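Have a look at the structure below before the remarks.
Remember, it's a predicted structure, so these values are computed and weren't measured experimentally.
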Amino acid sequence: MTRIIESFSEISSMYDAAFVDLWGCMHNGIKAYDDAISACRSFRAQGGKVVLLTNAPRPRASVATQLDLFNIPHDVYDTIATSGDSARLALFSGAIGNKVYHIGEQRDLVFFEPLQMLGTPTEITRVPLAEAEGIVCTGPFDAHADPEVNRPDFLLAKTKGLKLLCANPDIVVDRGDQRDWCAGALAQLYTEMGGESLYFGKPHPAIYDLARRRLAEVADVSDDRIVCIGDGIATDVMGAVGEGLDVVFISGGLAANETKTDRQPDPEALSNYLEEQGLSVTYAMGFFR
């Protein structure tokens, strides 16, 4: 049975490391959550390690720069693991070929910078769809446009037998009061159309392997001393459950309406929501604090 907790400090002494989601837990796409900053800072003060685990389709250095803009200080985390880096490992290992068609915004072009951890990365060239051997999707061209606008291109891509590398499995995120589409929505459509999509962020194993590698650079922590914290039921929670890790579900994020979360989730609504999703969580609280 899920235990609803008032704050992370109630359970933090049971863990040596936390894999903490960013969007919906540490910030809302516009500003940081002060209580979340305090929670991470307190956990680190008692010796805990914080790995910011995000489905951002960019390198960790780019994400760190964005965190500066949100006024999330460096002293609240130890390292960052991104789905972008996980996907880049696959891209520059030749997973979808050398010539790729990119779906995404200009700001995501840092995705195509080779990783230093690969000694001899595959040479990648961005080309028009007609010339492509594969597709890289870091997000939609327009986060407000229905993913269906990609259907004509996806029909051509499927006919050509192209694989789609999805750098962010999230379907949507909330930017303040506005809900935006993510790369996962496009990958989902391509898969439904009969194409093949490759995923590298939460809830898929590759990003947890990367998170453990990043954690190992700063501390030796066993899985039973790691807790995951996130608001995405199909990403953060499903990923943690799949990895056999404890998880704190932040109900006031993407599932705020379903769980009737004000400051805390309504116990009955939370129970019904988790049952509908076919998942169980170790802990839940309204917001990360």
Side-chain angles (χ1 to χ4, degrees), residues 23 29 54-63 65-66 82-173 175 178-207 210 234-235:
W23 208 312
T54 172
N55 274 356
R58 294 179 296 282
R60 62 174 173 172
S62 175
V63 170
T65 299
Q66 184 183 51
T82 77
S83 62
D85 281 344
S86 182
R88 288 165 70 221
L89 277 171
L91 175 67
F92 287 101
S93 296
I96 61 171
N98 300 85
K99 299 178 180 179
V100 302
Y101 175 62
H102 176 221
I103 302 174
E105 300 181 54
Q106 284 291 116
R107 64 184 179 133
D108 293 334
L109 292 181
V110 291
F111 181 89
F112 294 95
E113 297 175 2
L115 277 83
Q116 294 182 354
M117 66 176 65
L118 284 176
T120 55
T122 297
E123 184 176 344
I124 300 296
T125 305
R126 289 182 292 115
V127 298
L129 178 58
E131 302 172 22
E133 300 169 342
I135 300 173
V136 169
C137 182
T138 56
F141 292 119
D142 180 354
H144 307 139
D146 192 312
E148 285 287 333
V149 301
N150 296 278
R151 186 173 286 273
D153 281 349
F154 284 172
L155 284 172
L156 173 60
K158 185 185 73 168
T159 300
K160 288 166 59 71
L162 305 187
K163 295 179 181 178
L164 184 150
L165 188 152
C166 177
N168 175 3
D170 287 354
I171 303 298
V172 295
V173 294
R175 188 185 303 274
Q178 182 171 278
R179 185 153 289 190
D180 291 353
W181 293 105
C182 298
L186 278 65
Q188 182 180 68
L189 174 62
Y190 190 56
T191 300
E192 290 172 353
M193 292 175 61
E196 182 178 355
S197 298
L198 308 178
Y199 296 92
F200 295 90
K202 296 174 286 185
H204 303 279
I207 193 170
L210 177 61
T235 50

Requested in this report: Could you tell me which non-hydrogen atom of Ala167 sits nearest to which non-hydrogen atom of Phe111, and how far apart they are?
Outcome: CB-CE1, 3.7 Å
Query raised in the report: Are Val136 and Arg126 close enough that some pair of their side-chain heavy atoms sits under 4.5 Å apart?
Result: no
Query raised in the report: Say you draw a straight line from CD of Glu133 to NZ of Lys160; how long is it, rounded to the nearest 0.5 Å?
Result: 8.5 Å
Query raised in the report: Under 4.5 Å between any side-chain heavy atoms of Glu196 and Leu164, yes or no?
Result: no
Query raised in the report: Got Ile103 and Phe154 here, is their nearest side-chain heavy-atom distance under 4.5 Å?
Result: yes
Report summary line: Heavy-atom closest pair (Pro203 atom, Ala234 atom, distance to 0.1 Å) is CG-O, 3.3 Å
**Report entry** Asn168 to Asp170 - nearest heavy-atom pair and separation
**Finding:** OD1-N, 2.9 Å
Requested in this report: Might you work through the side chain to side chain contact (heavy atoms under 4.5 Å, CB included) test for Arg179 and Val173, ending with a clear yes or no?
Outcome: CA-CA 6 Å; Arg179 185 153 289 190; Val173 294; over 6 Å; no
Requested in this report: Could you tell me the separation between the CZ atom of Phe112 and the OG1 atom of Thr138, rounded to the nearest 0.5 Å?
Outcome: 6.5 Å
Query raised in the report: Given Tyr199, which of Ser86, Ser83, Pro169 fulfils the side chain to side chain contact (heavy atoms under 4.5 Å, CB included) condition?
Result: Pro169
Query raised in the report: Considering residues at least two apart in sequence or located in another chain, which fulfil the salt bridge (charged side-chain N to carboxylate O under 4.0 Å, His left out) criterion with Asp85?
Result: Arg88, Arg214
Query - NZ on Lys202 to CD1 on Ile207, rounded to 0.5 Å - result: 6.5 Å
Query raised in the report: In Å and rounded to the nearest 0.5 Å, what is the CG to CH2 distance from Asp146 to Trp181?
Result: 6.0 Å
Requested in this report: Measure the CH2-OG1 distance between Trp23 and Thr54 for me, rounded to the nearest 0.5 Å.
Outcome: 9.0 Å
Query raised in the report: What are the two closest heavy atoms between Arg58 and Thr82, and how far apart are they?
Result: O-OG1, 2.7 Å
Query raised in the report: So, for Cys182 and Val172, which heavy atoms are closest and what is the spacing to 0.1 Å?
Result: SG-C, 3.8 Å
Query raised in the report: Is the backbone of Asn150 close enough, under 3.5 Å, to the side chain of Asp153 for a donor and an acceptor to pair up by distance?
Result: no
Atom pairs and distances, donor-acceptor, side-chain atoms in residues 184-195, under 3.5 Å, two or more places apart:
residue	atom	partner	partner atom	Å
Tyr190	OH	Ala157	O	3.4
Tyr190	OH	Lys158	N	3.4
Tyr190	OH	Leu162	O	2.6
Thr191	OG1	Ala187	O	3.0
Thr191	OG1	Ser197	OG	3.0

Requested in this report: Working to the nearest 0.5 Å, report the span between CG of Leu165 and CD1 of Ile135.
Outcome: 10.5 Å
Query raised in the report: Is there side-chain contact between Thr125 and Asn98, with heavy atoms separated by less than 4.5 Å?
Result: no
Requested in this report: Give the minimum heavy-atom separation between Pro140 and Ala183, together with the two atoms involved.
Outcome: CD-N, 4.1 Å
